[in-house]
Amino acid sequence: QDLNYVLVSHAPDSDSWWNTIKNGIALAGEQMDVSVEYRNPPTGDLADMARIIEQAAAAGPDGIITTLSDYDVLSGPIRAAVDSGIDVIIMNSGTPEQAREVGALMYVGQPEYDAGYAAGLRAKDDGVGSFLCVNHYISSPSSTERCQGFADGLGVDLANQMIDSGQDPAEIKNKVQAYLSANPDTDAVLTLGPTSADPTLLALEDNGMAGEIYFGTFDLGENIVQGIKDGVIAWGIDQQPFLQAYLPVVVLANYHRYGVLPGNNINSGPGFVTADGLTLVEKYAGEYR
Amino acid sequence: MSQSAQPTPATDERIKDISRLRQSLIRPELGGICGTVLVFTFFLLTALDSGMFNSQGVLNWSTVSAQFMIIAVGACLLMIAGEFDLSVGSMIGFAGMMIAIFSVTLGWPVWMAILITFTLCTALGALNGFIVIRTGLPSFIVTLAFLFILRGFTIYFPQTLERKTIIGGISDAAQGDWLAPVFGGKILGWLFQWLGEAGLIATFERGTRAGQPVVDGIPMLIVWAIALVFFGHVLLTRTRFGNWIFASGGDAEAARNSGVPVNRVKILMFMFTAFCATVFATCQVMEFGSAGADRGLLKEFEAIIAVVIGGALLTGGYGSVIGAALGALIFGVVQQGLFFAGVESSLFRVFLGVILLGAVILNTYIRRMITGER
Amino acid sequence: MSQSAQPTPATDERIKDISRLRQSLIRPELGGICGTVLVFTFFLLTALDSGMFNSQGVLNWSTVSAQFMIIAVGACLLMIAGEFDLSVGSMIGFAGMMIAIFSVTLGWPVWMAILITFTLCTALGALNGFIVIRTGLPSFIVTLAFLFILRGFTIYFPQTLERKTIIGGISDAAQGDWLAPVFGGKILGWLFQWLGEAGLIATFERGTRAGQPVVDGIPMLIVWAIALVFFGHVLLTRTRFGNWIFASGGDAEAARNSGVPVNRVKILMFMFTAFCATVFATCQVMEFGSAGADRGLLKEFEAIIAVVIGGALLTGGYGSVIGAALGALIFGVVQQGLFFAGVESSLFRVFLGVILLGAVILNTYIRRMITGER
Amino acid sequence: MNTRSEHAPIIQMKDIEKHFGAVIALAGVSIDIFPGECHCLLGDNGAGKSTFIKTMSGVHKPTKGEIIFDGKPMHFDDPRDAMDAGIATVHQHLAMIPLMSVSRNFFMGNEPVKKIAGINFFDREKADRITMEEMRKMGINLRGPDQAVGTLSGGERQTVAISRAVHFGAKVLILDEPTSALGVRQTSNVLATIDKVRKQGVAVVFITHNVRHALAVGDRFTVLNRGKTLGTAQRGQITPDELQDMMAGGQELAQLDDALGGTV
Amino acid sequence: MNTRSEHAPIIQMKDIEKHFGAVIALAGVSIDIFPGECHCLLGDNGAGKSTFIKTMSGVHKPTKGEIIFDGKPMHFDDPRDAMDAGIATVHQHLAMIPLMSVSRNFFMGNEPVKKIAGINFFDREKADRITMEEMRKMGINLRGPDQAVGTLSGGERQTVAISRAVHFGAKVLILDEPTSALGVRQTSNVLATIDKVRKQGVAVVFITHNVRHALAVGDRFTVLNRGKTLGTAQRGQITPDELQDMMAGGQELAQLDDALGGTV
Ligand SMILES: Nc1ncnc2c1ncn2[C@@H]1O[C@H](COP(=O)(O)OP(=O)(O)OP(=O)(O)O)[C@@H](O)[C@H]1O
Ligand SMILES: Nc1ncnc2c1ncn2[C@@H]1O[C@H](COP(=O)(O)OP(=O)(O)OP(=O)(O)O)[C@@H](O)[C@H]1O
Ligand SMILES: [Mg+2]
Ligand SMILES: [Mg+2]
């Protein structure tokens, strides 16, 4: 284990989606025989995240894998890390251009706005004209970007179609129901991950709109996969977090050992997971998917 | 003796008169009652046609209020006993996670997982109380420490055991279990079925359940909330233990001198708070079939807010469970009502803060009238 | 009179002896000092070769500790004055957002944005204090309301004005501003330049800044922290106002009777807390160039924890700014050190809770020795 | 009145010591209390009077020494044990909770219960009725049983506390400086109550700094000084001046008294 | 001692009324205080004594009435104004903060300052020195000036409070029941201090429930009853029994006193 990589995320401790990431780097570390670490700001405060990147740089690893969820905040520390001789790969959020700007080797991921936009276009094709975006993490900018992208893809104004649902499942469920009964002509529901998708599923089941209303979601989870299977959820946008974590480790290890580097960025998503070909997805949802 | 027996004459020329009506009105719950009337009036006027008051809408805000009520009852009794619990939210997350780990990861029967979790969590509540009693530290600090410790374990356990922070599959495990429906089931389904058939409540017009009534029963969550409020209210006002709770919070030293087992009362109240949090967690886990490491965030504040809106005194010795329940109702109705009324949702927090301030000022005024405090 | 003048004989047969050494050791900061020594020993043993103690590493945990210190100083003085501020975290988010909105959305010069934000936020602090004083409500409740109100506005404003919850581009706006570097700049650049050239600290290996030292100065954040700690310490221990702070927190009624302007002291301390939060927010915004709606979450607890670890009494009237600064240092070093030591990060909260409990118990013991309290 | 020779003592405190950490509050105090007597406990501030009666009423456990109650050695684990045995105490810092109603305060720790469906409920009507009655007996007209104690005057509170102790059939009634903050009228009220209670055969332990209050109702007088007893005197065996001197620790005050006309 | 005829009054309180919401605490009280006299304020619990002296010391603003200090009408906005004018008060509920050191308490609200670089700093050495000195004068041996007040006994705290008031050159010293919780020795200490202070020409207002304490040092006696004054009497114009009767509201107590030997 001569090589040593650190992955710094922007997610608070409890965000379940990042598990896949943790599992991804752990597996890659094992397979490539390098040591990997996962770090994150406990409350999801991006300013704290900047400090963690600085800390990681101070510890002098061979490479840092990190997100670029706010270019303003993170570009400084990342560039400093790059300049002090540490190789950096940007994953998950940010854009390829921004990654190049800060001097990262490459970008692996799915820009949030673009993913939302793609989903919006797809929904527009399916005849959706209005929607409800269930934002369970309103204070985080990337979640708002997803909703904004979706609205722009549909070509409508976001306005009041995004709700601050909080993270309590019962509150999410009841808020979705409240919104839908107050706005019965809503065409579609968009959730931003398992935290909001699971209660929304129950809410739709309860008020009989399951299968009736157009339902799309970001990210996968056990219940989401089940929902897709049952035909309640039209699609899940899979940005394949596993790849976002796994590939950078592999790339870095190979680069450091053999000097080989892919010539381009890797778009891990957006891939739309629909009812077709769900077996593996189902098996590993929440763990590697 | 009789000759010196008029220290307070029946009428006191030094006190201006207070009308009978006003006197019969001032009760600890008055603030809560006013608030409830106000809130309902407001939403009846602004959101009547938004579906907030049809059967579905009513169930909607009732469920949310019931949630708040469950934790508010525990927080209320504990606050009257003079202590505080900031670890309620973390306890909710922790309890849910324990049930999931026991039943899914370890594969125990669900009833056993639930019972062991209840034991474990009330024991943790007792530990909280024990530390507060033994060290004499303010419960704010002790339970703040537990807020962090419990949340840390809630994230750490599933991550090391299952490599994820949401554990699902509890619904499957709970299939056919005898205890699970006590928390996750619904009652009176036949009544709503009948109401639906009789056309008294709306039925689904489309979708998988077309023809069924939109409300197919009362969730056990609401039953638990009512039961706990009833239990708490009777305990507080109708039993000697209730008197001890007031006494412990009013002045622990004086109560101890009078023979009230203050330490026991306080520890029991910490355990009861933990119990309520566990009920909350169990209902949630049984309804949603999964436990997440982020469940219950900030619930401690919500419980305290409901209790304080309901007229309890933050420093103990004064309050009412009915008041706390009304506080929870106000909280739930406002939160959901804003959605029905279509108010920009990020303003909810602003409303909450303003309501809290207003309610507390009103309650202080009422309390001063009742107790003659200065 | 002289004949009755021995109420306490020089030696009292009813008090057992306490050694001189022990007596000279017991000071309010003792807990903080012990903790600091312990923490540094621990990390020197476990994380020495992890880069924690090279120039970059030191700067890293110093910066984090400095952040905690800035809000801890305010919280400490306020707590000694007998009050509490739960709205610190929201105030940080709010202040940052205001600066961003003024300078980016409204296009005002940055210095004006900063000055107006400072005015606005200290005015809000004064409002907090004013409500507490006028209504006699516990500051826990009042500032809890403000926690929600301010956070609500921090989300609402950028969303309605800019349709996003993060506002960037402040760095560009701050270019050439005279006030911005006071918060976002660095000092002693020449010293580090020289150290780098002399090969005493690491330099960048590549990029546009190749050859420059990795640490190119001491951030103003650290300067602010030191300045505020110094100011707070002198104010508290060396001025009459400091005596008034102690008195207001120790017993407001007694202080008032002795002619201490308690209300003024408390309101000023609320304003100072808000000022510290605004300093924190401004440094952050100037360093990172953007303001987000989620900045400062839970910072109120972190401030209180640092203060309490540093030996202040939650109920007021006792504490030390140096202690609070040490508490912040411990907090920062532990938080960053665990990363250096490679400990599973979800366990951080567990550590934090345990350290908090341990520190508070130790401090209580020390305080009882000092004050003879029972 | 002084029934000392007729009865066995109801409480014997033998060689009681009590240490608080580094402070020795009691260094071996022995006292006998007889039924129907009013035993005055006098002494300087910090002499240990409150500490002494707290060991008697089960609040503190003595570090050393023995308590013999009704002929049997007793170990009180907490105040309830002492109360159950018949020792009622009105503490120096009032054992009343201002925010609670008079009737709840009156029965605090001794609530009457009635069984409904096998469960013990607090019998509020009974509590209210008894409270109103007892208060009327003591000459206090309440607005109602649910009036908060916080609205009563100091003298009234003291009276509630004493009548509570008497009501619960105490064999021993301990009063810790009940008159120190009271006006003349309230004071004579309290003293009259003590007199009445004593005549009912209850043993009264009465702590005061005021020699005249002590002499007004006391049968025997024990003076504590710095955690030790200076001995017990019978009524009539001691003059007020002697008692005063003992309390102040001997002749020290003579000159001062002179200057002020000997009227302290 | 009674310098009444020689001087103009230092404080005249004219027709003071004070209402708290629905409670009329003072219903028009007038009093003159002369330099060098000890003016005793007596009365039942709740008669309004504390409220009255609080209006005098600037804690409360009177609802009606006028305060004339040294011949000029005065309006005290807060206690500092009164202190600056030379009125020092030792309040019934002690104005001491247990967690703070003796020297900080001694100077609370009156901290000595020294200028360093144009900034006023709290002059600690001076504060410590003066405190130790004053305490020694009063016969209290402190461990050090930074000993916390919480470690002092009740009598010692009272003494600190009084010596603080005297030290700051008060022209008027107001003491609200300074002796109510004190032992005999501490009480005589306090009375001796009052005597000494009075002889220095300071006007003392002394509130007590104890007729004997009042008679020991008082020059004039004013009795308050239910917010009104029953008039002021000169020393020698009134017998202790008359005073006692006035305080208790007349003859009501006669029979009770009989039963208890007239020694209340
Ligand atoms: N819980 C305690 N911890 C430590 N010391 C104590 C405690 N209680 C009392 N003491 C000390 O024991 C001694 C006796 O105190 P106690 O209260 O019994 O005196 P007292 O005779 O009742 O005085 P007073 O007349 O002022 O009420 C004092 O020195 C006091 O400081
Ligand atoms: N801040 C206040 N608010 C309302 N009522 C008050 C206030 N302060 C005093 N009172 C009332 O005013 C009356 C006079 O009180 P005060 O404290 O002046 O009596 P006192 O003569 O000092 O009695 P004591 O001898 O018991 O000290 C009482 O009825 C009291 O309840
Ligand atoms: Mg005592
Ligand atoms: Mg008074």
Side-chain angles (χ1 to χ4, degrees), chain A residues 12-20 22-23 26 42 135-136 138-139 159-160 162-184 194-195 198-199 201-213 221-223 226 230-232 285-288, chain B residues 47 50-52 54 56-57 59-61 63-64 66-67 93 151-152 154-155 158-159 162-169 203-210 212 214 216 221 283-284 287-290 292-299 332 335-346 348-349:
Chain A
D13 275 348
S14 46
D15 192 332
S16 55
W17 185 82
W18 288 84
N19 255 306
T20 318
K22 279 190 209 178
N23 298 337
N135 190 342
H136 64 268
I138 194 138
S139 52
N160 271 351
M162 176 175 77
I163 58 167
D164 172 7
S165 69
Q167 303 194 1
D168 181 88
E171 283 170 33
I172 296 174
K173 176 182 161 191
N174 286 297
K175 281 174 181 168
V176 168
Q177 286 184 346
Y179 184 93
L180 289 179
S181 60
N183 304 277
T195 308
D198 294 2
L201 273 171
L202 275 179
L204 297 180
E205 214 162 275
D206 253 26
N207 67 10
M209 289 170 121
E212 287 289 306
I213 196 165
E222 276 169 84
N223 295 341
Q226 191 60 42
D230 296 345
V232 178
E287 200 174 346
Y288 294 119
Chain B
S50 67
M52 184 172 174
N54 63 24
Q56 221 178 338
L59 185 71
N60 187 286
W61 48 256
T63 313
V64 174
Q67 271 203 338
R151 182 65 68 190
T154 310
I155 298 168
Q159 225 162 56
E162 289 261 323
R163 327 181 115 278
K164 48 188 174 185
T165 50
I166 290 189
I167 298 186
T203 51
F204 285 119
E205 288 164 15
R206 56 178 193 181
T208 46
R209 292 163 60 196
Q212 292 178 24
V214 287
D216 62 351
L221 185 77
C283 287
Q284 195 174 70
E287 182 178 356
F288 293 99
S290 71
D294 55 353
R295 298 282 158 81
L297 276 178
L298 289 186
K299 282 279 173 280
Q335 180 171 320
Q336 295 306 111
L338 291 182
F339 282 93
F340 282 103
V343 177
E344 165 68 41
S345 62
S346 55
F348 166 64
R349 292 162 206 252

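Naming convention: chains lettered A, B, ... in sequence-line order (proteins, then strands); numbering from 1 in each chain.
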>> Which heavy atom of B:Ala47 sits nearest to which heavy atom of B:Met52, and what is that distance?
In response: O-CB, 3.8 Å
> Shortest non-hydrogen contact from B:Ile167 to B:Pro158?
Replying inline: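 Shortest heavy-atom separation between B:Ile167 and B:Pro158 comes out as CD1-CB, 4.0 Å.
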> Can you tell me how far the CG atom of B:Asn60 sits from the NZ atom of A:Lys173, to the nearest 0.5 Å?
Replying inline: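 Atom-to-atom, B:Asn60:CG and A:Lys173:NZ are 9.0 Å apart.
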> In Å and rounded to the nearest 0.5 Å, what is the NZ to CD distance from A:Lys22 to B:Gln159?
Replying inline: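 A:Lys22 NZ to B:Gln159 CD: 2.5 Å, rounded to 0.5 Å.
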> Where on A:Lys175 is there a heavy atom nearer than 4.5 Å to chain B: the side chain, the backbone, both, or neither?
Replying inline: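 The answer is both parts of A:Lys175.
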> Given a strict heavy-atom distance threshold of 4.5 Å, which part of A:Leu202 is in contact with chain B: side chain, backbone, both, or neither?
Replying inline: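 Contact with chain B: side chain only.
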> Does any heavy atom of chain A fall under 4.5 Å from the side chain of B:Glu287, the backbone, both, or neither of them?
Replying inline: both
> Any idea which of A:Pro199, A:Gly166, A:Ala182 has the most non-hydrogen atom pairs under 4.5 angstrom with chain B?
Replying inline: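 The residue among A:Pro199, A:Gly166, A:Ala182 with the greatest pair count is A:Ala182.
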>> Using a 4.5 angstrom heavy-atom cutoff, name the option from A:Pro169, A:Ser181, A:Ala203 with the most pairs to chain B.
In response: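 If we count pairs closer than 4.5 Å to chain B, A:Pro169 comes out on top.
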>> Would the distance check show the side chain of B:Gln336 and the main-chain N or O of A:Asn174 forming a donor-acceptor pair, the cut-off being under 3.5 Å?
In response: yes
